[in-house]
Each structure stands twice: as C-alpha cells, then as structure tokens.
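As a basis for the values below, the full set of heavy atoms in this structure was taken, side chains included, without hydrogen atoms, waters or symmetry mates.
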Amino acid sequence: MVALTFPDGARREYPKGSTGLDIAKKISPSLAKRTVAMALDGVLADLSDPIERDGKIEFLTREDPRALELIRHDAAHVLAEAVQTLWPGTQVTIGPVIENGFYYDFFRNQPFTPEDFEAIEKKMREIIARDKAFTKEVWPREEAKRVFRDKGELFKVELIDAIPEDQEIKIYKQGDWFDLCRGPHMNSTGKVGNAFKLMKVAGAYWRGDSNREMLSRIYGTAFAKQEELDAYLKQIEEAEKRDHRRLGREMDLFHFQEEAPGSVFWHPKGWTLYQILEGYIRRRQAAAGYVEVNSPQLMDSSLWVASGHMATFRDNMFLTQPREDDERTFIVKPMNCPGHIQIFKNGLKSYRDLPFKLAEFGKVHRFEPSGALHGLMRVRAFTQDDAHVFITEGQIAAEALAMNNLILSIYQDFGFADVTIKFSDRPDKRIGEDAVWDRSEAALMRALKTSGRAWTLNKGEGAFYGPKLEYVLRDAIGRDWQCGTVQVDLNMPGRLGAFYIDEHSNKVTPVMLHRAMFGSLERFIGILIEHHGGHLPLWLSPLQGVVATITDDADAYAREVIDAALQLGLRVEGDLRNEKINYKVREHSLAKVPALLVVGRKEAADRTVSIRRLGKDGQSVLALDALLRSLLEEAVPPDMRRMNQAA
RNA sequence: GCCGGGUUAGCUCAGUGGUAGAGCAGCGGUUUUGUAAACCGUUGGUCGGGAGUUCAAAUCUCUCACCCGGCACCA
C-alpha cells in the first residue's frame, strides 16, 4: 500500500501501483471527470502514472494555473499532428512550452507562411474535438530508433541518441499519432480547449546551431479560457503602442535611414534626452570618484591585435585605410579599454595611484550582423557610459561591489526595481591561463555574494578576457536587454604592457575592471521610452511644456510665459498657431508633452495659466509664479534632489 | 549571417497585368476659437534601387539594399 496526503490534509492508503485516475475515480466520478493531471510531491505527472511510494498528491483541473503549461504542451503536440496530417513528409523535431505559449520546430522543404495558419488551426480544432486519450508507452531504445528511422524522422533519431542511457524512451500517443516526449500530458487532446492561437512563423536552427539545418518554427499560445487569450492579445496590442521605434517617431526623437543602417539620427528632442542622461551619469560617477577622459576613435590595428580583439572579433570591427597605398590599417574603436590602458600607461604609476578610475562616454562602432539590428536596442554605433578601474588583485571584490551598488542605485532612480543579475563565467573562446580565470571568477563571485542580490549563472557567456556580471532590464513586450556590466580582466592590461610599481619597487600588472551602467545610452533610452510608454517624468522629458494660446489676444502674454519659463531653465515651446485649443491639446498629447500651459483672455488678464497634465483629464488654473515654481521643483533630477536635501 | 514577411505621398494604408488612390499632415484662404481632430480649396509619387518577361508591370521573375518577426551573434 502507499499512503497519500491530499491538499486538505487527509491521508489515505491505496494499493501500490494504483494510477492517479484509479484514485480519482474512487474519490468521486466527478473528480475523475474534471481532473486532467496530478502533482506528486509538487511535481506534475500523468494521471496514468502508477503511484509507487508515499507522498503528497493533488489533482489538477484544467483551470489550475499549473495546468497551463500542460495545455500549451498538449497544444504543441496537436499542432504537430495537424501539420503532419496536412503536409505528410514534414519532419517533427521539438515543441516545448515557453514563457507565453509554445512552439514546434518542423523540417520541411517549403517553409510555412502565416497564410497556412487558418488551415492548421482548423485541423487542430478537429483533433481537439476528436478528444483522443494521451497514452504513454516506454519503448526499448533501439526499437524506438528503428520506428522513427523507418518513418523518416531523422531528427527524432538524433534526439533519442542524445537521451542519457539511464533514462527511458517515452512515447506519447494521441490516437494514431505519436511523438517522442518526456511529458507529462493531460489525459486527452480535448482538454486543450479552443482558447489557442498560432502567432508567428520563424526560422530556427536545429539545436540552436547555425551550422545545422534551418527549421521552420511555428509559435502559438494557449490558455484555459477564451477571455484569458483575448486579454493576452490585447496586452500585446498595448505593448506595440509602447514600441520605442513608434514613439521615437511620434515624439520626434530620432530616425534611422538606409544609408546608415544601425546608426541613429538624433533629432533635437532626442538629443536633449540623451544629454540629460549623460549629465546624470556624469554627476553620479564623479561622486563615486571617477575622472572622465576621451580616447581616439581610430587607432592602429596593432593595438587591437595585441589586445586580442582582432583574433576574436575581426569580422565585427570596422577596418579603415585612409588611402589604398597606405600600409597602416586603423580600426574604428569597438571598445574603449585599449585606449584607457594607453592613458594608464602614460606616466609611471605607483600602487598609491590605485584604484585609478577612468570613465568615458565613448562612442563605439561594431559591425553587428544585419539581422541583429533592432531600433535603438541593437545598433552599430552607440555610446557606452564606460569606465575602467585599475586596481590590485586584492581590491577586486571591494571595487566590484562598489560598482554593483552604484549600478543598482542608478536603476532605482529610473524606476527599474526588478533587475536580473547574471554571472557569466569563462567562455570556450578566451585568452589567458585557467588559473588566472579561477582567481578572477572567485573574486567577482565574492563581490556578488556580498551584495546579497539574487543572481543566475550564465554558463560560458563571459567576455573573452574575463568573467562578468550582467544587469538585465526587461522591455515593454517582455524582451530582456543587457544594460550594465562589471567585468574582471586579469588579461588585457598585461597584453598591452600596463604595470605599476608596488611597495617593494617591483613592476606589477594591474587588474582592470570594466564597468558600464546604462551600457549603451541608445539602448537605455529605448528601454526608458518603452518603460514609460513615452510618458517620461518631467526631469527626463526633452520638452517639458507647451504654452498654447486660445486666441491671438493672448499672444503677448504667452510670449511672456514662455520667456519666464526659459529663464528658469524649463524646456518649453509655444504654440501660437491659429488653431482651436482642442486641436492643440490633441496634438501635444499625442506627442507626449507632459504639461500643456493654456492661456486665453482670462489668463492674460489675471496673470494665471491653465495647466493640463499629460494623461489626465481636466485642468487647474494657477498663478504664473506658483506654476513655474512647482514645475521647476518637479523637474529636479533624483540625484540632485538628494544632494539638495543633504546640503 | 540564416528562414519567413514587407518596402506605394511627410505619416497610416488601399490598389493581383491595361491612365497611381484615400485619410491625416503640408500649402493658400475663411474662421479668433476654452481643453483630444473647425471649414473650403490645393500641392505632392522615378510605386525601395537595378535588370528581365510582356504590346503593356506598383502588380509576374531575378537581383541588390533596407525594414519587420524569429534564429544565430552580441567584446
């Protein structure tokens, strides 16, 4: 017998080997009917699994949040059957559940197009309506390989070969169709329901390897209820309105054009925002003891050969020769570190000079693959809020911790509380001895653990010269973007001949920490725009207010208001056009102007302003002086607000 | 870079082999206006570039560029 504990605390015994379904039936026929899967000690399992040992048992209905991944996984199987029914000869590969749905990768000479979705969805509904039971079988390894090979499913054969010897080869059948799968599944295809939708097609490499076959991937999503699917689709629609590329145009911040793929044309308002951010970082890092420098845009390739960049990233750098008959090749800098090492090397450095903290708003160029470009988020020319800190090995943990704290405090000022930290250790392609990597990884890990922040391991994803911490922010449509980074480098200073004199008059190679906080100014601006949906807080808004007139009788007063605001350092413009106030309100609201200062005959007579704030209906009338003072107060950047309070 | 989908007026988009369209914007007028689109008139296009098929190409084919969605890449 096995003793099972139920969610209500009841404990009952059943014959060993009873299946979940047996037990559910004994409890009540209606439970057996409603339940789609079970959880044993919290782990999802098939209802048909025999229960061999004591533990906690729970029956899941399809409305249970934990059943969602089963609905999606089952939907992936139904999708695969539908596709193979419609296009025999298509090979199936893998079909996992992902964050907001599922996908299935197929191998077929003719890739799918969105026009195929209607037919596929129709076939899926048929399969679901047929409501065949999902049944699990365990096949002998060689038998399984033979069956799939005979069916022409060569990718499945490869998958079976990749399953460790001590694991079973599990097959799930739904009627005549079957698939290799680790499960679990619900008890029948009918449980998938009809709240599913195919979303998009995409190419994807087999096993994520760009040297292998290109598969055709179909993405879909599924929910327990139609209302949930509708809500999800609505949410995607809303997210699209926050897209920084769209808002960038609507707010007149920047544009891109063919002649400069991956490079930004900053318009006046966009460049104002850029400068506000640069100014903010400049204040924060000065307060943290950094000094700002500037290093050359073009440097001889020999420097990049010595640093190791040439060997690793040659195809991703812009090389240039001023004239065809010139023998020197210059490289447009893809990083600032070699330049900063030159500044460190210029003049003899003592251990007393450490930590030596150099910062630069360095504009770097990287020849990113064309398919990687994505608005401001992934560009070929961008500005790093970069810094390199030269220290002794013993100072690594303390300095890395200080960087970590500075970075997190900066994200807080922008309202990003939920930041993911990744620890990336040594990659396959790297420079330097393993013993050196051991030391740098250990020191960085010490700093990370001291910070007390949650983190995840990003195995093998470190830079070629050292391990790194990556700070990841999420955009409006759920995509993650790496922003800040702290990297420990025990390799490059030595390769470029940097040294300091220690207390015993010995030449010692310094350790270098690479640090970025926004990472890329461009990317950070993109994330900020999406995070706020264009409704930037006043201190960041490039245009803080528009003074709009109701009739031209108020023009003179409006000019006075504009001038008074400008004199106080507020960023305002006037709108004295011959248009109705409704028209002006609409236009400036669409352009996300935070404050609309409306003046008509009344305001001119009373020396007041009617202010309407973005996103709010209605307005309030304030005396001009009071209004300007309140806007000015609100526009103070968070770091300066703290400084003012401290002073 | 790879797979798929795109590129038509400043913007959003219609137009499947037979004379390039709409709305908004712009411009010219009228209107002097009270918190999310006043009214009338009107300009504007090598249909992304190049080549081909055809009596005839925005439309079919090839090619290049760029954009979008993924994949791969991301110092």
When the [atom1] atoms of [M] and [N] are compared, how many Å lie between them, rounded to an integer?
| N | M | atom1 | value |
| --- | --- | --- | --- |
| B:G10 | B:U46 | P | 8 Å |
| B:C24 | B:C40 | P | 10 Å |
| B:G15 | B:C47 | C1' | 11 Å |
| B:A25 | B:U32 | C1' | 23 Å |
| B:G4 | B:C74 | P | 24 Å |
| B:G5 | B:U42 | C1' | 37 Å |
| B:G70 | B:C11 | C1' | 27 Å |
| B:C3 | B:U63 | P | 11 Å |

Would you indicate what [X] reaches in the nucleic acid, counting non-hydrogen atoms under 4.0 angstrom: base, sugar-phosphate, or nothing?
| X | answer |
| --- | --- |
| A:A463 | sugar-phosphate |
| A:N316 | base |
| A:K468 | sugar-phosphate |
| A:Q487 | sugar-phosphate |
| A:E461 | nothing |
| A:T312 | nothing |
| A:L590 | base |
| A:Y219 | sugar-phosphate |
| A:Y465 | sugar-phosphate |
| A:K602 | base |
| A:G208 | sugar-phosphate |
| A:P369 | base |

Between protein and nucleic acid, restricted to nucleotides 59-64 of chain B and to nitrogen or oxygen atoms under 3.5 Å apart, what atom pairs and distances do you find?
none

Salt bridge between [X] and [Y], side-chain N to carboxylate O under 4.0 Å?
| X | Y | result |
| --- | --- | --- |
| A:K468 | A:D425 | no |
| A:E461 | A:K422 | no |
| A:K357 | A:E399 | yes |

[N] phosphate, OP1 or OP2, under 4.0 Å from [X] side-chain N/O:
| X | N | result |
| --- | --- | --- |
| A:T551 | B:U33 | no |
| A:R612 | B:A36 | yes |
| A:H374 | B:G69 | yes |
| A:N582 | B:A36 | yes |
| A:Y583 | B:A25 | yes |
| A:K580 | B:C39 | no |
| A:R245 | B:C67 | no |

Just verifying a value: how many Å separate [X] [atom1] and [Y] [atom2], rounded to the nearest 0.5 Å?
| X | Y | atom1 | atom2 | result |
| --- | --- | --- | --- | --- |
| A:I525 | A:F518 | CD1 | CZ | 8.5 Å |
| A:L79 | A:Y103 | CG | OH | 12.5 Å |
| A:Y290 | A:Q285 | OH | CD | 7.5 Å |

Looking only at side chains, do [X] and [Y] share a donor and an acceptor under 3.5 Å apart?
| X | Y | result |
| --- | --- | --- |
| A:S295 | A:E360 | yes |
| A:K584 | A:T549 | yes |
| A:H388 | A:N336 | no |
| A:E213 | A:Q91 | no |

If the plane angle is over 60° it's perpendicular, under 30° parallel, otherwise tilted; pick one for A:F254 and A:H244. tilted
Taking the inter-plane angle between the rings of A:F155 and A:F107 on a 0 to 90° scale, is it parallel (under 30°), tilted (30 to 60°) or perpendicular (over 60°)? tilted
Partner of [N] by Watson-Crick or G-U wobble geometry, both contacts under 3.5 Å, or none?
| N | value |
| --- | --- |
| B:G26 | B:U42 |
| B:A20 | none |
| B:U33 | none |
| B:C60 | B:G52 |
| B:G69 | B:C3 |
| B:C74 | none |

Side-chain donor or acceptor of [X] under 3.5 Å from a matching atom on the base of [N]?
| X | N | answer |
| --- | --- | --- |
| A:Q257 | B:G48 | no |
| A:Y205 | B:G70 | no |
| A:R378 | B:C73 | yes |

Whole angstrom value for the distance that separates C1' of B:U32 from CZ of A:R577: 15 Å
From CD1 of A:I98 over to C1' of B:C71, roughly how many Å is that when rounded to an integer? 12 Å
Establish, yes or no, whether a centroid distance under 6.0 Å links the rings of A:W87 and A:F106. no
Looking only at the side chain of [X] (C-beta and beyond, no hydrogens), which of the listed nucleotides [options] gets closest?
| X | options | value |
| --- | --- | --- |
| A:R601 | B:U32, B:A75, B:U35 | B:U32 |
| A:S589 | B:A75, B:C71, B:A36 | B:A36 |
| A:I581 | B:G34, B:A75, B:G70 | B:G34 |
| A:E579 | B:U35, B:C3, B:A38 | B:A38 |

N/O-N/O pairs, protein side and nucleotides 4-12 of chain B side, under 3.5 Å:
from: B:U12; atom 1: OP1; to: A:R249; atom 2: NH2; distance (Å): 3.2

Considering the options A:R242, A:K241, A:Q235, which one meets the side-chain hydrogen bond (donor to acceptor under 3.5 Å, both in side chains) requirement together with A:E238? A:K241
